[in-house]
**Student:** 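I have a structure here, written as structure tokens, and I will follow up with some questions on it.
Treat the numbers as computed from the prediction; the structure is a model and nothing was measured.
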Amino acid sequence: MATQTVNIKSTEFQPTNDFILIRPEQEPPEKVSDGGIIMLNNKTSVVERPSSGIVIATGEEAKNVDIGAFLMFPMTDGLDIEFTDGEFMLLRYESIIGFKK
């Protein structure tokens, strides 16, 4: 999927309807062992996308979704958006499959 670039900060964006703006949680592509060996993450792939993140803003129809909540969604859903302050995702409320308790 292509990333849409917007020349504003994420804090200047207000989702409408049932859209939710999230900061995706990225899994590190590699880990370093105690001995200094770099180990690539087996799940890293050019087609894999994040499937969890933190809620930054919500539209008025996204009921029961709190700012700062951690949520999970299918990696096939959402629109990738790059604001001037980082990369985010825009999801529909129906894409949420769970929350962190």
Side-chain angles (χ1 to χ4, degrees):
M1 288 193 153
T3 300
Q4 182 173 340
T5 302
V6 181
N7 201 19
I8 62 172
K9 291 182 180 179
S10 63
T11 55
E12 298 173 311
F13 179 78
Q14 176 59 53
T16 59
N17 304 319
D18 68 339
F19 285 101
I20 302 165
L21 182 67
I22 66 152
R23 179 183 301 275
E25 182 176 73
Q26 299 284 355
E27 189 170 336
E30 56 190 40
K31 296 177 184 176
V32 179
S33 72
D34 293 338
I37 297 173
I38 297 174
M39 300 174 287
L40 295 178
N41 182 342
N42 294 2
K43 296 187 281 182
T44 301
S45 166
V46 293
V47 296
E48 284 196 28
R49 298 175 63 227
S51 59
S52 61
I54 303 296
V55 176
I56 303 299
T58 63
E60 64 277 359
E61 295 174 21
K63 307 286 188 218
N64 304 320
V65 180
D66 297 326
I67 306 299
F70 177 87
L71 54 84
M72 295 179 63
F73 49 90
M75 73 173 60
T76 56
D77 290 7
L79 171 68
D80 298 324
I81 301 177
E82 184 174 348
F83 291 99
T84 57
D85 57 341
E87 294 182 11
F88 296 81
M89 291 181 79
L90 193 61
L91 298 174
R92 287 198 175 275
Y93 179 82
E94 63 191 26
S95 293
I96 299 172
I97 59 174
F99 294 91
K100 181 178 180 181
K101 284 189 163 190

**Student:** Please round to the nearest 0.5 Å and tell me the distance separating atom CG of Leu71 and atom CD1 of Ile20.
**Tutor:**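 These two atoms lie 6.0 Å from each other.
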**Student:** Give every donor-acceptor pair under 3.5 Å between a side-chain atom in residues 86-95 and any protein atom, sequence neighbours left out.
**Tutor:**
residue, atom, partner, partner atom, Å
Arg92, NH1, Asp18, OD1, 2.7
Ser95, OG, Asp77, OD2, 2.9

**Student:** Can you tell if the side chain of Ile97 reaches within under 4.5 Å of the side chain of Pro74, non-hydrogen atoms only?
**Tutor:**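 A side-chain contact exists here, since the closest heavy-atom pair is under 4.5 Å.
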**Student:** Looking at every heavy atom in both Ile56 and Ile67, which two are closest together, and how far apart are they?
**Tutor:**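 Scanning both residues completely, I find the closest heavy atoms to be O-CD1, 3.4 Å.
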**Student:** So which heavy atom on Gly53 is nearest to which on Ile22, and how close?
**Tutor:**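 Looks like CA-CD1, 4.2 Å.
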**Student:** Could you pull out all residues at least two apart from Phe73 that satisfy ring-ring contact (aromatic ring centres under 6.0 Å, His included)?
**Tutor:**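 Expected list: none.
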**Student:** Spell out, yes or no, whether Ile54 and Phe99 are grouped together once hydrophobic residues are joined by side-chain heavy atoms under 4.5 Å, including indirect joins.
**Tutor:**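 Different clusters: Ile54 never reaches Phe99 through Ile, Leu, Val, Met, Phe, Trp or Tyr contacts under 4.5 Å.
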**Student:** What are the two closest non-hydrogen atoms of Phe13 and Ala57, and how far apart are they?
**Tutor:**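 Shortest heavy-atom separation between Phe13 and Ala57 comes out as O-CB, 4.3 Å.
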**Student:** Check whether more than 12 heavy atoms from other residues, nucleotides or ligands sit under 6.0 Å from atom CG of Asn17, and answer yes or no.
**Tutor:**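 Count over threshold, so yes.
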**Student:** State yes or no: do Leu79 and Ile8 share one hydrophobic cluster built from I, L, V, M, F, W and Y residues joined by side-chain heavy-atom distances below 4.5 Å, directly or via other members?
**Tutor:**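 Same cluster.
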**Student:** What's the spacing between Asp80 CG and Gln4 CD if we round to 0.5 Å?
**Tutor:**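 Rounded to the nearest 0.5 Å, the CG-CD separation comes to 10.0 Å.
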**Student:** Going by atom types alone, do Glu82 and Thr3 pair a side-chain donor with an acceptor below 3.5 Å?
**Tutor:**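 Result is no, nothing qualifies.
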**Student:** Kindly say whether Ser10 contributes a backbone atom to a donor-acceptor pair with the side chain of Asp85 at under 3.5 angstrom?
**Tutor:**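 Indeed, once roles are kept as given, a pair shorter than 3.5 Å links the two residues.
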**Student:** Going by side chain to side chain donor-acceptor pair (under 3.5 Å), name the pairs with one or both residues in residues 54-73, residues two or more places apart or in two chains.
**Tutor:**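 As it turns out, there is no side chain to side chain donor-acceptor pair (under 3.5 Å) pair with a partner in residues 54-73 once direct neighbours are skipped.
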